[in-house]
Amino acid sequence: MNLREIIIEILLELERTDGYVNLLLADVLEKYDYLEPREKAFIKRVTEGSVERKIQIDYVLNGISKVPVKKMKPFIRALLRMSAYQLLFMEAVPDAAVCNEAVKLAKKRKFGSLQGYVNGVLRNLSRQKGAVAWPDAGKNAAEAFSVLYSMPLWLTEYFLRLYGLETTEKMLRDFLERKPVTIRLEEGLTIDERNALLASWEQKGIAVKKHPYLSYAVQIEKAEGIRHLPGYEEGFFAVQDVSSMLAVEAAGIGKGQTVLDLCAAPGGKSLHAASKLADTGSVLSFDITEAKLLRMEENRRRMRRENMKTAIGDACIYREELHQAADVVLADVPCSGLGVIGRKPDIKYHATEQSLAEITALQKEILRNAAAYVKPGGILLYSTCTVVPPENEKMVEWLCREFSFAPESMRGHLPEELPEELLAAADTGMLQLLPGVHESDGFFFARLRKE
C-alpha cells in the first residue's frame, strides 16, 4: 500500500469502530516501522488533520459535491476528506499530485466508475479553495465557529455560554494550532547543567523555548523522538505539561511527606512529586491497567526515583489501609478532556451532553475515597484537564460541602512569573487555565485543606 492508502485505511477503521486516532495511529506506525521518518510524518499529519478538520472539510465538500458527504460510500468519503485536507492545509503538496493520486486510488480499489466524480470534486476544490464562502460569525457565531474551527455545534454553543465570544474563539483557534512537547527538567540540575543540556538539543536542530511560567519547563519542536534526546537515559527530564507542573507546585509538597496519586498514569505528577521530596518521604502511585503501570515503572526507573512506588489500583474501590495515610493526595480524576482537544482532537466528536453528566458521577465516586485518604490537616489537590464548571468549580463546592475540606490560597506555592490574573484567582484556592488565553493546556486544579 502507498502512504495515502494507509491513511484511508486508518480513517475507515476509525469510522467503523468509533475509535481514537492517536491509539490507532500508534499501532499503524509501529506496523510500518520500516518507513522513512518523513513518510511516517506525512501519515501522521494527514491522518490527524483529516480527523481534526473533519467538520470544516465536510462543509467545503458539501459546497462542491452533488452527493452530500454523509451519503458517500465510506471509501470515497475517506478519500475525499484526506485529499481535501491536503489541498486546503498543505501547501507543500502540489494540487495536481493530490488529485492524481486520489483518482489512482479510486481505480485501484474498484471504484473506477467514480474516477471522474473524484477528479471533478477535487479539481473544483483546487480552483475554488481561495474563495470558499464561510459562514458569517456576525450573523450566527456558533454556526460560524463550528465550521471555521471544526467543533461540534452543541459544544461550540456550550463554550459560548460559558466564556463568551472573544474567549471562546481564542480557545477554538488554539485547539487547531500545532502543540510543542513540554519538558520538565529535573530541578536538581544546576543552571549550567540545564543550559548545557538545552544547547545539546539545539545542536541537533531541535527548537527549544523556555516556558515563561516555570524556570525548569521548556517547550521543544522538531525532535524526532524523546528517547533520542541527550539526557533521556540519565533521567534528566520528563515529558509533562506545564499545567500539570503547576498543579504539583500548588500542592506544596514538603520533604518527608507521604504523597498518594490515585489516577497516576502517565505518571508525570508522581515523578514531579517524588522530585519535590528530594529522596525523602514516599509517593504511592496507582492506576487501573497493567500497561499504564509498566510505562510508569519504566519512567520511575529511568528517573531514579526510589521513593516512588507504583501499584495497580482502581480509584473507585476504597482501600482501608490508606485511610488518613497521606499528607497530600493527588486526585487527577477522569474527565471530559475538553481542555486538551488540541492534543486529542477526536475528544470533541466523542463528547456528548450525556457523557458530560455521567463523568461527574465517576468523579464523585473517586473523590469520596480520596477524601478519606487525607490526614487531618492534609491537602487534597484536585485536578482535571477540562474547562467546564460542573467538573471543576461545582465539584469542589460539592467536595467541601460533603466532607471537611476548605479551599486554601495557592499564591505562596505558585511561581511569581504567572500573570497577576492567575495569581489573584489562586487566592481562591482554585485555578482554571484556558487554552489560547494562558500558555498551557486547558486545566483546572484546586488546593483543599482537610479541616
Which pairs of donor and acceptor atoms, one on a side chain in residues 417-441, lie under 3.5 Å apart (sequence neighbours left out)?
residue, atom, partner, partner atom, Å
E420, OE2, R411, NH2, 3.2
E421, OE1, H438, NE2, 3.4
D427, OD1, S409, OG, 3.0
D427, OD1, R411, NE, 3.1
D427, OD2, R411, NE, 3.2
D427, OD2, R411, NH2, 3.0
T428, OG1, A425, O, 2.6
T428, OG1, M430, N, 3.3
T428, OG1, M430, O, 3.2
Q432, OE1, N392, ND2, 2.9
Q432, NE2, T386, O, 3.3
Q432, NE2, F443, O, 3.1
H438, ND1, L434, N, 3.0
D441, OD1, R343, NE, 3.1
D441, OD2, R343, NE, 2.9

> Checking salt bridge (Lys or Arg N to Asp or Glu O under 4.0 Å) for the pair K255/D279: CA distance, chi angles, key distance, verdict?
Replying inline: CA-CA 8 Å; K255 291 183 179 180; D279 297 322; over 6 Å; no
> Side chains of D241 and S243: donor-acceptor distance under 3.5 Å anywhere?
Replying inline: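 Yes - a donor-acceptor pair under 3.5 Å links their side chains.
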>> With ring-ring contact (aromatic ring centres under 6.0 Å, His included) as the rule and sequence neighbours excluded, what pairs involving residues 243-291 come up?
In response: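 Counting only pairs at least two positions apart or across chains, the ring-ring contact (aromatic ring centres under 6.0 Å, His included) contacts touching residues 243-291 are Y216-H272.
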>> Less than 6.0 angstrom separating the ring centers of Y85 and F89, yes or no?
In response: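 Distance test on ring centres: under 6.0 Å, yes.
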> Taking the side chain from R304 and the backbone from R302, do they hold a donor-acceptor pair closer than 3.5 Å?
Replying inline: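 Yes; judged by distance alone, with no hydrogens or angles, the pair exists.
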> Backbone N or O of I55 within a donor-acceptor pair of the S150 side chain at under 3.5 Å?
Replying inline: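 Yes.
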> When the ring planes of Y59 and W134 are compared, do they come out parallel, tilted or perpendicular, using 30° and 60° as the limits?
Replying inline: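 Plane angle under 30°, so parallel.
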> With under 30° as parallel and over 60° as perpendicular, where do the rings of W398 and F403 fit, or are they tilted in between?
Replying inline: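 If you compare the ring of W398 with that of F403, the planes turn out perpendicular.
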> Does E298 pair with R227 as a salt bridge, N-O distance under 4.0 Å?
Replying inline: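 Counted as a salt bridge, because a side-chain N and a carboxylate O are separated by less than 4.0 Å.
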>> Tell me whether K348 forms a cation-pi arrangement with F175, defined as NZ or CZ under 6.0 Å from the six-membered ring centre and within 45 degrees of its axis.
In response: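 The answer is no, since K348 fails at least one limit relative to F175.
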>> For E15, give me all partners under side chain to side chain contact (heavy atoms under 4.5 Å, CB included), at least two apart in sequence or on another chain.
In response: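 Listed in chain order: P74, R77, R81.
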